[in-house]
Amino acid sequence: MAVLGRVIAVDRAACDLTDADALQALIRTVRPDVIVNAAAYTDEARAFAVNATAPGVLAMEAKALGSLFVHYSTDYVFDGAADRPYVESDAPHPLSVYGRSKLAGEQAVVESGARAIVLRTSWVAGAHGANFARSVLKAAAERDRMEVVADCFGAPTTAALVADVTAHVVARLWERGGAGAAPCDVCHLAAAGETSWHGYATEVVRYALARGTALRLKPEDIAAIPASAWPQRARRPTNSRLNTNKLRETYDIHLPEWQDGVHYLIDQILS
């Protein structure tokens, strides 16, 4: 985003998403041309405050300023029952508090009347902090066997790809006439292709070994298990596949295969 102008990033201390008055004061002081909201909570106590109420407040402030609002949502708004990748017009049916709160956030943004774009993404990981790929690498260095869910499907997507696409989308919207030219719209953003968590883990180990990383575990030592054997705090859709045709057709964005992102992620983690 820095290539588009000056970026002001705020942490929790400067931006308490559970405090609507503080949020309004921050936006009115900074007066940004673009507001990007990447925050999300799975904790039930804060989920609706952070995932639903705060986006609505930010969207209303963006409308008042004439700013563009970029908001990230999730595959968790769907129940995963479809037998194909989800398109933006599919009816949401979240399975968890997290999914319901994120859906409420989407609706608050749309209903605000702000010039906004909601980018739904899934299986996102960055090179820093805890993530699935890092956990797999750690386990592969310490264990002779691993069990990974094989009946949930999606596309591993890097935080770097999400950031790059966001910058591209914002630039395109400005080329078309600034924030005022941006519809309040929803687009899916995920890497191309699909795999299971088991396939994801297998590719992490395979690629790490190929680049010379010392691991005890081999790809064939990763056992496939059902999702029912691995309970999650927020119930995950078994089908997290997102159709990204709309993003490609609207913004001329061609997304890389998920394996490319995984390789980039592993290179960053191991460097």
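No hydrogens, no waters, no symmetry mates; every other heavy atom, side chains included, goes into these values. Quantities reported herein were computed from a predicted structural model and do not represent experimental measurements.
In this structure, W258 has its ring center no closer than 6.0 Å to that of W123.
Judged by distance alone, with hydrogens and angles left aside, the side-chain atoms of H198 form a donor-acceptor pair with the main-chain N or O of I222 at under 3.5 Å. With hydrogens and angles ignored, the 3.5 Å screen pairs no side-chain donor or acceptor of N51 with any backbone N or O of F48. At distances below 3.5 Å, not a single donor-acceptor pair connects side-chain atoms of D79 with backbone N or O atoms of P94. A donor-acceptor contact shorter than 3.5 Å links the side chain of N131 to the backbone of G126. T121 places a side-chain N or O within 3.5 Å of a backbone atom of L189 that can act as its donor or acceptor partner. R241 contributes no side-chain N or O that, together with a main-chain N or O of E194, makes up a donor-acceptor pair within less than 3.5 Å. A donor-acceptor pair is defined here as one N or O able to donate and one able to accept, closer than 3.5 Å; no such pair exists between the side chain of S240 and the backbone of G154. Between the side chain of H188 and the backbone N or O of L119, no donor-acceptor pair lies under 3.5 Å. A donor-acceptor contact shorter than 3.5 Å is absent between the side chain of S101 and the backbone of A52.
Enclosure of atom OH in Y264 is not indicated, since only 12 or fewer non-hydrogen atoms of other residues, nucleotides or ligands lie within 6.0 angstrom. The number of heavy-atom neighbours closer than 6.0 Å to CZ of R211, taken from other residues, nucleotides and ligands shown, is above 12. For NE2 of H254, the number of neighbouring non-hydrogen atoms (other residues, nucleotides, ligands) closer than 6.0 Å is greater than 12.
N245 places a side-chain heavy atom less than 4.5 Å from the side chain of R248. Contact check for I253 versus V169: side-chain heavy atoms found under the 4.5 Å cut-off. Two residues are said to be in side-chain contact when any heavy atoms from C-beta on lie closer than 4.5 Å; M146 and D221 fail this criterion. Using a 4.5 Å heavy-atom cutoff, the side chains of V262 and V204 are in contact. Residues V77 and E106 meet the side-chain proximity criterion, which asks for heavy atoms closer than 4.5 Å.
Of the N and O atoms on the side chains of H263 and E203, at least one donor lies less than 3.5 Å from an acceptor on the other residue.
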Please test T166 against Y72 for side-chain hydrogen bond (donor to acceptor under 3.5 Å, both in side chains), starting from the C-alpha separation and ending with a verdict. CA-CA 10 Å; T166 301; Y72 299 109; 2.6 Å; yes

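The heavy-atom pair separating A82 from N239 by the smallest distance is O-ND2, 2.9 Å. When all heavy atoms of Y200 and A133 are compared, the pair lying nearest together is OH-CB, 4.1 Å. The two residues W197 and V149 come nearest to each other via the heavy atoms CB-O, 3.3 Å. Between L65 and P32 the shortest heavy-atom distance is CD1-CD, 4.0 Å. A pairwise comparison of heavy atoms in A223 and R145 identifies CB-NH2, 3.3 Å as the closest pair.
Under 4.0 Å is where a charged nitrogen must lie from a carboxylate oxygen, and between D90 and R84 at least one such pair does. A salt bridge does not link E88 to K246: none of the charged side-chain nitrogens sits closer than 4.0 Å to a carboxylate oxygen. Electrostatic pairing of K138 and E142 counts as a salt bridge here, judged by a charged N lying under 4.0 Å from a carboxylate O.
Using cut-offs of 30° and 60° on the angle between ring planes, the pair Y76 and Y98 is perpendicular.
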